[in-house]
Trainee: 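Pasting a structure below so you can have a look.
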Amino acid sequence: MTMQNVASPATSFAPIKRNQLTHIPGDEGWPIIGKTLQVLADPKGHIEACGAKYGPVYRSHIFGETSVVLLGPEANELVMFDQQKIFSSTHGWERVLGQLFPRGLMLLDFDEHRLHRKALSVAFKSGPMKSYLGELDKGIAARVAQWKAKPGTMQLYPAMKQLTLDLAATSFLGADIGPEVDEINRAFVDMVAAAVTPIRYAIPGTQMARGVAGRKRIIAYFKQQIPLRRGNHGGDDLFSQLCRATHENGALLSEQDIVDHMSFLMMAAHDTLTSSLTSFVGELAAHPDWQQKLRDEVTALNLEPGAPMGFDDLEKMPLSEMAFKEALRIKPPVPSMPRRAMRDFTFKGFTIPAGTSVGVNPLYTHHMKEIWPEPDHFDPLRFTEDAQRNRHRFAWVPFGGGAHMCLGLHFAYMQAKCFARHFLQNIEVSLEPGYKPDWQMWPIPKPRDGLKVNVKAV
């Protein structure tokens, strides 16, 4: 039995007519391109200016379509929690990710999403997570040792990108993937780059053509491996876990389901973690007092350099977790989240018709002064238990929320803490006086200049 026997019917929608949204305040900008260039140039400044001018509900026109933006924690809760199943993630993300990462978990809706998520959750239970930690620990330790051996100026972002790519390959595909690892990694890099390229057709020589070719390579590799992983050659890596995972009715995931989920999970884990860990280290470089506090926390673990890290050690790093959360607040790895309304709904007195493209914006919410005083200031103490208790539960949403809350969020915390342990135990990082990295905030935050840091051994 396959998933088609148990899945809910695919959602559908009728595109809205442009005049159906004229009752929503806003400015759609130039014909055809709308406000796209302004959003790309300065997404944070643009949305904050629109929020100040129009309020928490406004109309815009980006990437060829009129859309409605909803701002603030209440909007996040309405759209992400989505008790009434109004908002389709499938039809929200399809234009961005559908060509290269079709039917990834984030691109499924409602009952079908629930069934797939439950099947995939086996790969993130305690046993597999402990196995992933062992591989992450070895991979991070080896890479940090290389950085330590070359003190001086380092481009942090490309170094972090290579690290997370290597870690995704070993913990997701297995340490014994062999000589194909470089080819697989290259295919994923091409797919991720193509997902956000302006040219959406696979014209020869374009990034999209490289991305489509990368997907074909990935599909071929996974389909060749699935029978082996289901037999005696499967290990504790995430790929092998998915090959053995079953739905509620006992049916194995189909080969195509495994291909689609693996492609999406590796993309999500690689690019968002690269961004998050880069901003985390960048903040520590800019705030040596906090860097030292976290180093003291790592020292208190009493782990010899090179000694393996255990699950229990992760629980002894609350300051590191708070600092990582604060870095995610300042630069959320997914700054905006699209959905599409499947039915009419009302928010803040405005009725918004079915078929409307709807967006919420973690980047905006994470910098609201009434929630986060001095929002551009790095302060991990915003994430003490008392401070969190007094905030709206959708005021901090770097991992989304509701049914689509990131399935790998605990994997992200585990990787961040494991990285912090090895990094801070071996390396001190700083910025040149007066240097401020220039960050590109959309579609996933990254420093335009690679973020230059000074590295020296502790």
Trainee: Should the ring pair F411 and F124 be called parallel, tilted or perpendicular, given that the plane angle runs from 0 to 90° and is split at 30 and 60?
Mentor: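 Ring orientation, 0 to 90° scale: perpendicular.
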Trainee: Distance-only, no hydrogens or angles: does the R230 side chain make a donor-acceptor pair with backbone N or O of C243 under 3.5 Å?
Mentor: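 Such a contact is found between R230 side chain and C243 backbone.
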Trainee: Can you list every pair that meets side chain to side chain donor-acceptor pair (under 3.5 Å) and has a residue in residues 55-68, with sequence neighbours left out?
Mentor: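 Found E28-R59, E28-T66, H61-T66, E65-R95, E65-R340.
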Trainee: Look at the side chain of H404 and the backbone N and O of G400, then say whether any donor-acceptor pair between them is shorter than 3.5 Å.
Mentor: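 Looks like no, no N/O pair under 3.5 Å.
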Trainee: Would N185 and H270 count as a side-chain hydrogen bond (donor to acceptor under 3.5 Å, both in side chains) here? Give the steps.
Mentor: CA-CA 10 Å; N185 282 352; H270 162 55; over 6 Å; no
Trainee: Within the structure provided, determine whether I330 and D376 are in side-chain contact (heavy-atom separation under 4.5 Å).
Mentor: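 No, every pair of side-chain atoms sits at 4.5 Å or beyond.
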Trainee: Other residues, nucleotides and ligands only: do more than 12 of their heavy atoms fall within 6.0 Å of CD on Q224?
Mentor: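 Yes, because the 6.0 Å sphere around CD of Q224 holds more than 12 heavy atoms from other groups.
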Trainee: Which word best sums up how the rings of Y221 and F239 line up, parallel for under 30°, tilted for 30 to 60°, or perpendicular for over 60°?
Mentor: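 Tilted, since the angle between the ring planes falls between 30° and 60°.
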Trainee: If you count heavy atoms of other groups shown closer than 6.0 angstrom to CG of L409, is the number above 12?
Mentor: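 Yes, enclosed.
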Trainee: Any side-chain to backbone donor/acceptor pair from S89 onto M106? Under 3.5 Å, distance only.
Mentor: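 Here the side-chain-to-backbone pair exists.
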Trainee: Within a reach of under 6.0 Å around CD of Q84, are more than 12 heavy atoms found that belong to other residues, nucleotides or ligands?
Mentor: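 Atom CD in Q84 is not packed in, count stays at 12 or less.
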Trainee: Would K85 and D111 count as a salt bridge (Lys or Arg N to Asp or Glu O under 4.0 Å) if you check the C-alpha gap in whole Å, the side-chain angles of each, and the deciding distance to 0.1 Å?
Mentor: CA-CA 10 Å; K85 297 184 178 179; D111 288 344; 3.3 Å; yes
Trainee: Would you say that more than 12 heavy atoms from the other residues, nucleotides or ligands in this model lie under 6.0 Å from the CG of N19, or not?
Mentor: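 Yes, the 6.0 Å shell around CG holds more than 12 heavy atoms from other groups.
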Trainee: Can you list everything that forms a side chain to side chain donor-acceptor pair (under 3.5 Å) with Q207? Sequence neighbours excluded, please.
Mentor: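 In terms of side chain to side chain donor-acceptor pair (under 3.5 Å), with neighbours along the sequence ignored, Q207 is linked to R210.
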Trainee: Could you walk me through whether T90 and D109 satisfy the side-chain hydrogen bond (donor to acceptor under 3.5 Å, both in side chains) test, starting with their C-alpha distance in whole Å, then the side-chain angles of each, then the deciding distance to 0.1 Å, before giving a yes or no?
Mentor: CA-CA 6 Å; T90 301; D109 278 333; 3.0 Å; yes
Trainee: List the steps, then state whether salt bridge (Lys or Arg N to Asp or Glu O under 4.0 Å) holds for D27 with K53.
Mentor: CA-CA 10 Å; D27 177 7; K53 186 173 182 178; 5.6 Å; no
Trainee: Would you say H23's side chain and T351's backbone share a donor-acceptor pair under 3.5 angstrom?
Mentor: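 Yes: the side chain of H23 pairs with the backbone of T351.
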Trainee: Among residues at least two apart in sequence or on other chains, which ones pass side chain to side chain contact (heavy atoms under 4.5 Å, CB included) with A269?
Mentor: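 For A269, the residues satisfying side chain to side chain contact (heavy atoms under 4.5 Å, CB included) (neighbours in sequence not counted) are F172.
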Trainee: Strictly distance-based, threshold 3.5 Å: is any side-chain N or O of T384 a donor or acceptor partner for the main-chain N or O of A387?
Mentor: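 Flag set: sc T384 to bb A387 pair under 3.5 Å.
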Trainee: Not counting sequence neighbours, which residues clear side chain to side chain donor-acceptor pair (under 3.5 Å) with E74? List them please.
Mentor: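 E74 satisfies side chain to side chain donor-acceptor pair (under 3.5 Å) with K348 once adjacent residues are dropped.
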Trainee: Between the side chains of D182 and R186, is the shortest nitrogen-to-carboxylate-oxygen separation below 4.0 Å, so that they form an ion pair?
Mentor: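 Between D182 and R186 there is no salt bridge, as every charged N stays at least 4.0 Å from the carboxylate O atoms.
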Trainee: Per the ring-ring contact (aromatic ring centres under 6.0 Å, His included) rule, what does the pair list look like for residues 311-357, sequence neighbours excluded?
Mentor: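 Found F87-F345, F280-F324.
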Trainee: For the residue pair D137 and H422, confirm or rule out a side-chain donor-acceptor distance under 3.5 Å.
Mentor: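 Yes, side-chain donor-acceptor contact under 3.5 Å.
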Trainee: Less than 4.0 Å between a side-chain N and a carboxylate O, is that true for E112 and R103?
Mentor: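 Yes.
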Trainee: For R244, give me all partners under side chain to side chain donor-acceptor pair (under 3.5 Å), at least two apart in sequence or on another chain.
Mentor: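 Not a single residue meets the side chain to side chain donor-acceptor pair (under 3.5 Å) criterion with R244.
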Trainee: Closer than 4.0 angstrom, basic N to acidic O: yes or no for D260 and R215?
Mentor: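 Looking at D260 and R215, the cut-off is met.
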Trainee: Do you know the tightest heavy-atom contact between T274 and T278?
Mentor: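 Closest approach of T274 to T278, heavy atoms only: O-OG1, 2.6 Å.
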Trainee: Given 3.5 Å as the limit, does a donor-acceptor pair link the side chain of E135 with the main chain of T170, or not?
Mentor: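 Pair absent, no side-chain N/O of E135 close to backbone of T170.
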Trainee: Tell me, please, which residues at least two apart from A412 pass side chain to side chain contact (heavy atoms under 4.5 Å, CB included).
Mentor: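 A412 satisfies side chain to side chain contact (heavy atoms under 4.5 Å, CB included) with L273, F399 once adjacent residues are dropped.
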Trainee: Spell out, as yes or no, whether a donor-acceptor pair under 3.5 Å connects the side chain of S275 to the backbone of P445.
Mentor: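 The answer is yes, because a donor-acceptor pair under 3.5 Å joins these two groups.
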Trainee: Does H366 have any side chain to side chain donor-acceptor pair (under 3.5 Å) partners at least two apart in sequence or in another chain, and if so, which?
Mentor: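 Side chain to side chain donor-acceptor pair (under 3.5 Å) check on H366 returns nothing, list empty.
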Trainee: Any donor and acceptor pair, going by atom type alone, linking the side chain of H247 with main-chain N or O of N249 inside 3.5 Å?
Mentor: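 Not a single qualifying donor-acceptor pair exists.
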Trainee: In this structure, are over 12 heavy atoms from other groups packed under 6.0 Å from K446 atom NZ?
Mentor: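 Check fails, neighbour count at 12 or below.
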Trainee: Under the salt bridge (Lys or Arg N to Asp or Glu O under 4.0 Å) rule, collect the residues that match up with R343, sequence neighbours excluded.
Mentor: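 R343 satisfies salt bridge (Lys or Arg N to Asp or Glu O under 4.0 Å) with no other residue.
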Trainee: Sort and list the pairs that fulfil salt bridge (Lys or Arg N to Asp or Glu O under 4.0 Å) and have at least one residue in residues 267-283, not counting sequence neighbours.
Mentor: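 The answer is K161-D271, E283-K331.
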Trainee: Counting heavy atoms not belonging to I203, are there more than 12 under 6.0 Å from its CD1?
Mentor: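 Atom CD1 in I203 is crowded, with more than 12 foreign heavy atoms closer than 6.0 Å.
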Trainee: Aromatic ring centroids of W442 and F63 under 6.0 Å?
Mentor: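 When the ring centroids of W442 and F63 are compared, they turn out to be within the sub-6.0 Å range.
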Trainee: Taking side chain to side chain donor-acceptor pair (under 3.5 Å) as the cut-off, I'd like each qualifying pair that reaches into residues 118-130, sequence neighbours left out, listed once.
Mentor: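 Listed once each, the pairs are K118-E248.
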Trainee: So do the side chains of I352 and D344 get within less than 4.5 Å of each other, counting heavy atoms only?
Mentor: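 SC-SC contact between I352 and D344 ruled out.
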Trainee: For the residue pair H116 and L105, establish whether any side-chain heavy-atom pair is separated by less than 4.5 Å.
Mentor: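 They are in side-chain contact.
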Trainee: State whether the side chain of T365 and the backbone N or O of N361 hold a donor-acceptor pair below 3.5 Å, judged by distance alone.
Mentor: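 Yes, T365 side chain to N361 backbone: donor-acceptor pair under 3.5 Å.
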Trainee: Give a yes or no answer on whether the side chain of W396 reaches the backbone of K325 with a donor-acceptor pair at less than 3.5 Å.
Mentor: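 At least one qualifying donor-acceptor pair exists.
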Trainee: Of all residues at least two apart in sequence or in a different chain, which pass the side chain to side chain contact (heavy atoms under 4.5 Å, CB included) check with D42?
Mentor: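 Listed in chain order: K44.
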Trainee: Looking only at side-chain N and O atoms, does Q162 offer a donor or acceptor that is under 3.5 Å from a partner on D166?
Mentor: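 Side chains of D166 and Q162: pair found under 3.5 Å.
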Trainee: Does the pair R421/D313 count as a salt bridge with the N-to-O cut at 4.0 Å?
Mentor: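 Salt bridge between R421 and D313, a charged N being under 4.0 Å from a carboxylate O: no.
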